[in-house]
Novice: 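This is the structure, below, for whatever I ask next.
Just so it is clear: chains get the letters A, B, ... in the order the sequence lines come, proteins before strands, and each one is counted from 1.
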Amino acid sequence: MAHTPGSKQVENDIRNTYQWLEDRLPILSFINNSVGSNFMAPRNLNYMWNFGSLAGIALVLQILTGIFLAMHYKPDVAMAFDSIQHIMRDVNWGWLIRNMHMVGASFFFIVVYIHMARGLYYGSYKSPREVLWGIGVIIFLLMMATGFLGYVLPWGQMSYWGATVITNLLSVIPFIGQDIVVWLWGGYSVGDPTLNRFFVLHFVLPFVIVGIVILHIWALHEHGSNNPKGVDLKTKGDYIPFHPYYTIKDVFGLGVYLIPFTFMVFYAPEYLGHTDNNIPADPLVTPAHIVPEWYFLPFYAILRAIPIKELGVLAMFGAIAILLVLPWLDKHPVRSARFRPLYRPLYVLFLMNFVLLGWCGMMPPEGIYVLIAQAATAFYFGFFALLPILSKFEKAKPVPTSI
Amino acid sequence: MKQSVLALTLLAFTLVATPFAAEGVKVEKQEWSFQGLRGSYDKDQLLRGYTVFTNVCMACHSAKYVSHRDMMRAGFTEAEVQALAKNLNMNIDQKLLTAQDNQTAVETFGKIPPDLSLMTKARAGLADYTYALLTGYSEDPELIAHTFPKGLPAGAHYNKYFPGHAIAMPNPLTGPDMVTYHDQTPASVEQMAKDVTLFMQWAAEPERIERQHMGLYVILYLVIFTLLAYLTKRVIWKDVKGH
Ligand code: HEM
């Protein structure tokens, strides 16, 4: 990369277009080195490795549909709800764009959850990919923020009350919490200034995510992909070029993804939403149950499982933050769960427990549900607490020396 | 990995299915023409529902996102909607607004009757709930005394499906033949309830038929695309070791 200006001999023949551009802006070889035939990938990656590029496509789709929505949406408490109906009824293809954006958000989270579960199973967070993983966690946090902000925009009952409940969480910060909440709202309750700034932030954050995804992929390229066996590759024969092998595999994966996605867009666009959000926001009427979007439910359950509000908030954020230190909790030398007889079943329990937490988040916070949520929260953190112990004592099955 | 994915999916589905079984009064499912991959709004039924809506419900409720022109999307001609609008002394671009002002409503019912444009999408149970609500009134003194030992709250009416059972809306469909249908369908209470619910469903999702018809072609296209992509992948990968 680092050359002295003017030190290179360049051809001036524009008819040799490729070389001409290459000499001025080597963008084509950059693409080829990043996702083309000059980027080498392990030959044994399974379909779990499709989800990174799928997440990228989902992100681009959200941005494209979002831009078109923003052309017709009005971030004003008196107009927001109406402007959504305007999009659904009067704007050409408005319903299609909005359904794609709504369903797309949910599918984006499904893809990223699978992407993360993949990393957790195959030990992709371990050295030398700690930073790659950590960047992923930050992307996940930003996605959650973006999803939350976006859900407020249609200004339905769940938008308003979800925003109220979630922003209020910050009031537990000692001394300045209340002031922070007022500052965030731009007033003494969620209102017009809140909606306006949430719209701005919801527009900006996805572009921040794009920037961080570029770092994510940069970090990925430093050591290349991990693989199902979790072993370091040694010979050239273990690799195949990304293009055409993984490009075509990703195209096929995209098709498989788009079929259920399209089904939801055209036949059940609001299935994952909440009926209360078709009622305009009303600060005087509190819904019977305030539930966030499904992808927040496990963390929402952790929040409500703990009776002391301050600790609940801490546990909720801690549940995500703990992922950042995961590479230092699990120091077992073997990456892939395939060769770890204890970690593997524990991992399956962890995922089941995570789904169970999500279910708890949906139920009213009373009686038996609280107890289940508490047990599940304990297991969630227990999993991470066990990892350092496993690192010391778990005997791995024989690990192959190469793929 | 594969088994755990399967187990997880199953677990998720079972858990997702439980809350709906547990929630509130169970609303009976109805057959609707708009459901299914090739669903549609029956034009005659839509017109019957429109008749009930404009003659009965609009005394108190609006559908503020809906105009007569919108009905052209459901297969009505411009002449037809012109005629309908003229009957109500409206032009075809005016929204279906009630003549009742908010103050009168609050004085009479203690609240403003909600806008019905999105009603079938705004309650758990969707269209089935609206139908159940409209046919769920009861004056059975035993039933009422059982739920409200101290008597119904002032101004409220008993409804089996309304959350809490005390609704401020008086039974709008008190008996048969409140309207005369253009196609001579007997206007029983159930028929009127069914028709007006269909009209409200259309009002909530006027794009629904377009989207359902289009969806089939998009999915078909994607299936073929995916199949071709898979075959291409097989060809490209055939020399890779281990595949
Ligand atoms: C906008 C969201 C994201 C995008 C677009 C994205 C993109 C990608 C891409 C294209 C790859 C390479 C292909 C693959 O291995 O699947 C990758 C790998 C990876 N990602 Fe992400 N990612 C996202 C979110 C995350 C999150 C939330 C995490 C974890 C907290 C994460 C952790 C990883 C790890 C550890 C790898 C390396 C996997 C391996 O080589 O085994 N990513 N990501």
Side-chain angles (χ1 to χ4, degrees), chain A residues 43-44 46 48 82 85-86 88-89 94-96 99 114 117-118 121-122 156-157 228 237-238 240 244-245 247-249 251-256 258-259 261-263 265-267 269-270 273-280 288 294 337-338 344 347-348 351-352 354-356 358-359 362-363 403, chain B residues 1 3-5 7-8 11-12 14-16 18-19 22 24 36-37 64-66 70 73 114-115 117-126 129 163 204-208 210-216 218-219 221-233 235-237 240-243:
Chain A
R43 65 174 161 76
N44 66 334
N46 60 29
M48 288 295 133
D82 289 349
Q85 286 309 311
H86 169 65
M88 291 299 281
R89 289 157 194 271
W95 58 266
L96 179 58
N99 288 356
I114 296 176
R118 184 279 318 261
Y121 187 79
Y122 294 110
Q157 272 290 68
D238 289 342
I240 47 178
Y245 293 100
T247 37
I248 186 63
K249 196 175 177 186
V251 167
F252 168 55
L254 176 65
V256 172
L258 285 180
I259 291 169
F261 172 74
T262 308
F263 179 82
V265 166
F266 286 94
Y267 294 102
E270 297 191 37
H274 197 292
T275 46
D276 274 12
N277 234 24
N278 283 316
I279 306 171
W294 69 266
R338 282 190 186 172
R344 191 165 179 271
Y347 166 89
V348 173
L351 289 202
M352 290 181 145
F354 193 68
V355 174
L356 183 69
W359 176 75
M362 203 155 50
M363 305 315 274
I403 62 172
Chain B
M1 191 79 203
Q3 294 100 308
S4 32
V5 170
L8 271 177
L11 179 69
T14 352
L15 289 179
V16 165
T18 29
L37 298 189
K64 68 174 175 179
Y65 297 118
V66 182
D70 294 335
R73 234 174 143 167
D115 187 88
S117 312
L118 290 168
M119 184 54 76
T120 59
K121 293 204 290 182
R123 297 287 183 277
L126 309 175
Y129 169 76
E205 299 190 315
E207 88 292 353
R208 182 169 181 136
E210 291 149 50
R211 109 167 121 68
Q212 289 182 345
H213 284 199
M214 195 175 159
L216 212 54
V218 181
I219 291 177
Y221 170 84
L222 283 170
V223 169
I224 295 169
F225 169 86
T226 309
L227 214 68
L228 290 177
Y230 177 66
L231 294 175
T232 315
K233 191 238 156 202
V235 172
I236 290 177
W237 276 72
V240 177
K241 255 195 289 175
H243 284 268

Novice: Please check if the side chain of A:N278 supplies one atom and the backbone of B:K121 the other of a donor-acceptor pair under 3.5 Å.
Specialist: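 Indeed, once roles are kept as given, a pair shorter than 3.5 Å links the two residues.
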
Novice: Starting at CD1 of A:I279, measure out to CG of B:L118 and round the result to the nearest 0.5 Å.
Specialist: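 It is 10.0 Å, given to the nearest 0.5 Å.
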
Novice: Is the shortest heavy-atom distance from the side chain of B:K64 to the side chain of A:D82 under 4.5 Å?
Specialist: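 B:K64 vs A:D82: side chains touch.
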
Novice: Can you tell if the side chain of A:V251 reaches within under 4.5 Å of the side chain of B:F225, non-hydrogen atoms only?
Specialist: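 Yes, their side chains come closer than 4.5 Å.
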
Novice: Closest heavy-atom contact between A:R89 and B:A204?
Specialist: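 Of all heavy-atom pairs spanning A:R89 and B:A204, the closest is NH2-O, 3.5 Å.
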
Novice: Measure the spacing between CZ of A:F252 and CG of B:L228 and express it to the nearest 0.5 Å.
Specialist: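 A:F252 CZ to B:L228 CG: 11.5 Å, rounded to 0.5 Å.
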
Novice: Please state whether the rings of B:W237 and A:Y245 are parallel, tilted or perpendicular, taking 30° and 60° as the class boundaries.
Specialist: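 It falls in the perpendicular class, over 60°.
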
Novice: Less than 4.5 Å to any heavy atom of chain B: does that hold for the side chain of A:I240, its backbone, both, or neither?
Specialist: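 Just the side chain, heavy atoms under 4.5 Å.
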
Novice: Please identify, among A:G94, A:G358, A:G255, the residue contributing the most non-hydrogen atom pairs under 4.5 Å to chain B.
Specialist: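 Winner by heavy-atom pair count: A:G255.
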
Novice: With a 4.5 Å limit on heavy-atom distance, are the side chains of A:F266 and B:L216 in contact?
Specialist: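 With C-beta onward as the side chain, the pair stays apart.
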
Novice: Measure distances from A:N99 to the heavy atoms of chain B and classify the residue's part below 4.5 Å as side chain, backbone, both or neither.
Specialist: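 Interface part for A:N99: side chain.
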
Novice: Is the shortest side-chain heavy-atom distance between A:M88 and B:Y65 below 4.5 Å?
Specialist: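 No; the side chains remain at least 4.5 Å from each other.
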
Novice: Could you look at B:R73 and say if it's the side chain, the backbone, both or neither that has a heavy atom under 4.5 Å from chain A?
Specialist: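 Side chain only.
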
Novice: Working to the nearest 0.5 angstrom, can you tell me the gap between A:T262 OG1 and B:I219 CD1?
Specialist: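 Going from the OG1 atom of A:T262 to the CD1 atom of B:I219 covers 6.0 Å.
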
Novice: Within the structure provided, determine whether A:V265 and B:R211 are in side-chain contact (heavy-atom separation under 4.5 Å).
Specialist: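 Side chain of A:V265 against side chain of B:R211, heavy atoms only: no contact under 4.5 Å found.
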
Novice: Heavy atoms only, distances under 4.5 angstrom: which of A:F263, A:Y267, A:W95 has the most pairs with chain B? Name it, please.
Specialist: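 Looking at each of A:F263, A:Y267, A:W95 in turn, A:Y267 comes out on top.
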
Novice: Relative to chain B, which of A:P269, A:P228, A:G273, A:A288 shows the most heavy atom pairs under 4.5 Å?
Specialist: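 Ranked by heavy-atom pairs under 4.5 Å with chain B, first place is A:P269.
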
Novice: Of all heavy-atom pairs between A:L258 and B:L222, which one has the smallest distance, and what is that distance?
Specialist: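 Reported closest heavy-atom pair: O-CD1, 3.7 Å.
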
Novice: Side chain, backbone, both or neither: which part of A:P280 has a non-hydrogen atom closer than 4.5 Å to chain B?
Specialist: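 For A:P280, there is no contact with chain B at all, as no heavy atom is under 4.5 Å.
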
